[in-house]
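Worksheet: one structure, shown below.
Proteins come first, then strands; the chains are lettered A, B, ... in the order of their sequence lines, and each starts at number 1.
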Amino acid sequence: MAQKPAIPKGTRDFLPKEVARRTYIFETIKSVFKTYGFAPIETPSFELSSTLMGKYGEEGDRLIFRILNSGEKMKKADVAALAEDNLPRFANSLAEKALRYDLTVPFARFVVQHQNELSFPFKRYQIQPVWRADRPQHGRYQEFYQCDADVVGSDSLLYEVEFIQIFDQVLTRLGIPGFTIKLNNRKILSGIAEVSGEADKLIAITVAIDKLDKIGVEGVVKELREKEVSETAISKISPLFDMTGSNEERLAQMEVFLAQSEIGLKGIEELREVLHNTHQLGLERANLAFDVTLARGLNYYTGAIFEVAVHDVKMGSICGGGRYDDLTGLFGLSGLSGVGISFGADRIYDVLNELALYPAEIEKGLTLLFANFGTNETAYCMQLAKALRQKGVACEVYPTAAKMQKQFKYADNRTVQYVALIGDNELKDKIIQLKNMISGEQIALTESEFMNYFNH
RNA sequence: GAGGUUGUAGCUCAGUUGGUUAGAGCGCCGGAUUGUGGUUCCGGAGGUCGCGGGUUCGAGACCCGUCUCCCUCCCCA
């Protein structure tokens, strides 16, 4: 019995037209990365489990795809751990490898491993798929591409400014009409926890206020109570939820709030510098917004954090990023500060589809199709095709002498721009009938006219 | 990981309180048109109704399980 064709949930196939669209997105991102001096690297699809586990928090670890050991390695399963109900250890003994969850952690591993071959600050970009064992939803896949650019080996805030410019340039070039780059700093969040006297509950507090736009002030307060944050702390934090005014006005309010927190004030200062420098340079389409409720789950961030949201489209954030002061420390190389961003190519693809923002030229199919009139004519067409291909013209010869109707229909479906008709009359008179499939016009050309026709 | 929803032709979907041989549009193939597509007209092919089990004289429809799509939560790109 024939098997019903299917692919795993959360994955997609892409037809030629779709690949053309995605290539356009990748190329746009890549070209901007290059102009900022980033060079490409690649890393393996899967890493040692130990490289990935524990880097993304408890939630993240759960979403890492594990690769089951095979063959004799199965025998290395730590049955004792299972007996002790230590499932993480048991799982690690069963799966020594795992599919990468993002590109940042493998990059940190890469930097440490190749530190003697790199010059710092090291700027790299990387466009590769990542995998997450997440439940699929709108804009959420189990396999998707990230387009990352990171710099390690410098704590200069110039890079934060550059990354904001890159967000702006890429999304403007892709034609996205409106989007907001949300900006915050982990130091400010630390400061909030410190000032409210709950420094040890930093993560609980940031996770809760991150949800402000979703569950509202009451929801956040409720969640803070559930996390056993004290009432005095909650009443201290609450005013932050309805700050108004410009970025600078809200920063000023934060500055007052954080007056007693050294780290908090440091965060304000950094953010001010980044905003000021970005403002000096100007942005094309991006709206830049300081958002104190922006937290981001990845717990390796220590400084600036970014997220980009598209206006008027229901879609989670399409880009993210931030500064991590000691990610390479986990692999034994401390003192290297890094900052990076990631474009979610699959979400951008969905957004561009929804808004129909693809330029017409990327959808162009084959340039020229030679209609097939029989063996003698075809032999001549193959010669012309060979010459055209050497000039870089995409062309093909229809494989059989099928009815013209069928050949033209095929040309239509392939969105062919021209059809060349060479039957026995044309062959005898040494001319080529060239039909423009868009205008429907047909002209007779000599061989040299025909060859020159495709010169531009 | 928790909850909800969906699945019928290649695609988008109808299908009445359970009742003969499961339909439409689009697409595909053939013809009108043996050298000209996108329009029109005529004809045709194509379905174990997601999968497994159950109830019933009888199930696409009802019940249970399972997988999948989509949605909410969680988290994220």
Side-chain angles (χ1 to χ4, degrees), chain A residues 1-12 15 25 29 56-64 87 101-104 127-148 167 203 206-208 210-211 214-215 219 223 294-299 301 305-310 314-322 340-351 369 371-374 377 398 401-427 433-442:
Chain A
M1 190 203 273
Q3 191 186 347
K4 191 170 187 173
I7 54 175
K9 65 176 176 182
T11 64
R12 298 182 288 178
L15 297 172
I25 294 170
I29 293 170
Y56 306 104
E58 210 175 303
E59 268 310 304
D61 278 4
R62 214 186 62 201
L63 299 178
I64 294 174
L87 291 180
Y101 175 90
D102 71 357
L103 301 177
T104 307
I127 298 179
Q128 291 191 281
V130 302
W131 294 268
R132 294 186 189 176
D134 205 351
R135 186 166 290 203
Q137 248 179 72
H138 181 60
R140 175 176 298 207
Y141 305 97
Q142 293 207 338
E143 177 183 63
F144 61 96
Y145 272 78
Q146 288 195 330
C147 310
D148 277 29
F167 280 140
I203 291 173
T206 55
V207 167
D210 187 41
K211 294 178 196 163
K214 238 178 194 170
I215 60 180
E223 176 149 342
L294 175 64
R296 297 184 58 75
L298 295 174
N299 53 17
Y301 290 127
I305 40 184
F306 315 107
E307 204 163 278
V308 180
V310 183
K314 204 185 159 210
M315 177 65 72
S317 60
I318 56 168
C319 309
I341 57 168
S342 180
F343 286 83
D346 291 79
R347 283 189 177 174
I348 292 173
Y349 170 71
D350 288 349
V351 167
L369 176 75
N372 188 320
F373 285 89
E377 293 87 344
Y398 195 85
K403 298 175 64 166
M404 274 309 110
Q405 189 177 339
K406 187 169 175 148
Q407 299 196 33
F408 270 94
K409 205 155 197 177
Y410 173 79
D412 245 358
N413 291 340
R414 289 284 307 273
T415 58
V416 172
Q417 295 168 56
Y418 297 95
V419 172
L421 298 138
I422 305 164
D424 50 359
N425 287 337
E426 286 81 6
L427 200 58
Q433 297 284 353
L434 185 66
K435 175 158 178 163
N436 182 322
M437 291 298 282
I438 297 153
S439 66
E441 283 168 20
Q442 188 167 316

Taking the P atom of each, how far is B:rG27 from B:rG15, in whole Å? 24 Å
Without decimals, in angstroms, what is the distance between A:Tyr101 OH and B:rA77 P? 7 Å
Please report, rounded to the nearest Å, how far the P atom of B:rC75 is from the CD1 atom of A:Ile64. 17 Å
Does any N or O in the side chain of A:Arg347 come within less than 3.5 Å of the main-chain N or O of A:Gly139, such that one atom is a donor and the other an acceptor? yes
Over how many whole Å does the gap from A:Ile7 atom CD1 to B:rU68 atom C1' extend? 11 Å
First encountered from the 5' end of RNA chain B, between A:Glu441 and A:Gly10: A:Glu441
Test for a donor-acceptor pair under 3.5 Å between the base of B:rC75 and the side chain of A:Arg62, counting only N and O atoms. no
Separation between the C1' atoms of B:rA9 and B:rG47, rounded to whole Å: 5 Å
Between B:rC76 and A:Arg347, counting only base atoms on the nucleotide and side-chain atoms on the residue, is there a donor-acceptor pair under 3.5 Å? yes
Heavy-atom check, side chain of A:Val130 versus side chain of A:Phe144, under 4.5 Å: yes
To the nearest 0.5 Å, what is the distance between CG (A:Asp102) and OH (A:Tyr56)? 3.5 Å
May I ask you to check whether A:Phe343 and A:Phe167 place their ring centres under 6.0 Å from each other? yes
At 4.0 Å (heavy atoms only), tell me whether A:Gly139 reaches a base, stays on the sugar-phosphate, or touches nothing. base
Taking OP1 and OP2 of B:rC70, is either one under 4.0 Å from a side-chain nitrogen or oxygen of A:His138? no
Starting from C1' on B:rU36, measure out to CG on A:Leu434 and report it in whole angstrom. 13 Å
If you define the side chain from C-beta out and look only at heavy atoms, does anything of A:Arg132 sit under 4.5 Å from A:Tyr101? yes
When only distance counts, do a donor and an acceptor, one from the side chain of A:Lys435 and one from the base of B:rU36, lie under 3.5 Å apart? yes
Whether A:Glu377 side chain and A:Asp424 backbone form a donor-acceptor pair below 3.5 Å: yes
Does a nitrogen or oxygen in the side chain of A:Lys211 sit under 4.0 Å from OP1 or OP2 of B:rC75? yes
Quick note, A:Asp424 side chain, CB onward, closest among B:rG35, B:rU72, B:rA77 is B:rG35
Donor-acceptor pair present, A:Arg414 side chain and B:rG37 base, under 3.5 Å: no
Please say which of A:Arg140, A:Arg12, A:Gln146 ends up in a side chain to side chain donor-acceptor pair (under 3.5 Å) with A:Asp346. A:Arg12
On RNA chain B, nearest-nucleotide positions of A:Thr11 versus A:Phe343: which is more 5'? A:Thr11
Starting at atom CZ of A:Arg12, determine the distance to atom C1' of B:rA77, rounded to an integer number of angstrom. 11 Å
Among B:rG35, B:rC75, B:rU72, the one nearest A:Leu63 by side-chain distance: B:rC75
Could you give the CG-to-P distance, from A:Leu369 to B:rG37, as a whole number of Å? 14 Å
Does A:Leu421 reach a base, just sugar-phosphate, or nothing at all? Heavy atoms under 4.0 Å. base
Contact summary for A:Ala295 and A:Ile305, nearest pair of heavy atoms: O-CD1, 3.3 Å
Taking all non-hydrogen atoms of both residues into account, name the closest pair between A:Lys314 and A:His138 and its distance. O-NE2, 3.0 Å
Mind checking A:Gln137 for me? I need base, sugar-phosphate or nothing, with any heavy atom below 4.0 Å counting as a touch. base
Rounded C1' spacing from B:rC71 to B:rG58 in Å: 37 Å
At 4.0 Å (heavy atoms only), tell me whether A:Asp412 reaches a base, stays on the sugar-phosphate, or touches nothing. base
Roughly how many Å apart are B:rG60 and B:rG7, using the P atom of each and rounding to a whole number? 15 Å
Among B:rC71, B:rG35, B:rA77, the one nearest any side-chain atom of A:Asn425 is B:rG35
Can you check whether A:Met404 reaches A:Phe373 side chain to side chain, under 4.5 Å on heavy atoms? yes
Minimum heavy-atom separation for A:Val416 to A:Leu369, with atom names? CG1-N, 3.7 Å
Determine the minimum heavy-atom distance between A:Gly374 and A:Ala401, stating which atoms define it. N-CB, 3.9 Å
Using a 3.5 Å limit on both pairing distances, list the dot-bracket string of RNA chain B from the 5' end; Watson-Crick and G-U wobble pairs count, crossing pairs take [ ], interstrand pairs take |. ((((..(..((((.....[...)))).(((((.......))))).....(((((..]....))))))..))))....
Between B:rU36 and A:Gln407, is there an OP1 or OP2 to side-chain N/O distance shorter than 4.0 Å? no
Inter-nucleotide P distance (B:rU12, B:rC70), Å rounded: 12 Å
Considering every strand and a 4.0 Å limit on heavy-atom distances, what is the contact class for A:Glu307: base, sugar-phosphate, or nothing? nothing
Under 3.5 Å, which N/O atoms of the protein pair with N/O atoms of nucleotides 26-31 of chain B?
residue: B:rG31; atom: OP2; partner: A:Lys403; partner atom: NZ; Å: 3.1

Mind checking A:Met437 for me? I need base, sugar-phosphate or nothing, with any heavy atom below 4.0 Å counting as a touch. base
Selected nucleotide, minimal atom distance to A:Gln442 side chain, candidates B:rG35, B:rU36, B:rG3: B:rU36
Quick one: sort the A:Tyr398 and A:Tyr410 rings into parallel, tilted or perpendicular, breaks at 30° and 60°. perpendicular
Would you mind classifying the nucleic acid contact of A:Ile438 as base, sugar-phosphate or nothing, using non-hydrogen atoms under 4.0 angstrom? base
Donor-acceptor pair, distance only, cut-off 3.5 Å: does the side chain of A:Gln128 make one with the backbone of A:Tyr145? no
Contacts under 3.5 Å, N or O only, protein and nucleotides 6-9 of chain B:
none

Under 3.5 Å, is there a donor-acceptor pair between the side chain of A:Gln407 and the main chain of A:Asn372? yes
Expressed in whole Å, how much space separates the P atoms belonging to B:rU21 and B:rG3? 41 Å
Does A:Phe373 stack onto the base of B:rG35, taking stacking as ring centres under 5.5 Å apart and planes under 30° apart? no
Nucleotide B:rA77, atom C1' - distance to OH of A:Tyr301 in whole Å: 11 Å
At under 4.0 Å between heavy atoms, what does A:Ser342 touch on the DNA or RNA strands: base, sugar-phosphate, or nothing? nothing
Please state the P separation for the pair B:rC76 and B:rC67 - nearest whole angstrom. 27 Å
Is there, by distance only and without an angle test, a donor paired with an acceptor across the side chain of A:Arg132 and the base of B:rA77 below 3.5 Å? yes
If I take atom CZ in residue A:Arg135 and atom P in nucleotide B:rC67, what distance separates them, rounded to the nearest angstrom? 10 Å
From the list B:rG35, B:rU36, B:rG3, which nucleotide is the closest neighbour of the side chain of A:Phe408? B:rU36
Using the C1' atom in both, what is the distance from B:rA77 to B:rU5, to the nearest Å? 25 Å
A:Val351 side chain reached by A:Met315 side chain, heavy atoms, under 4.5 Å: yes
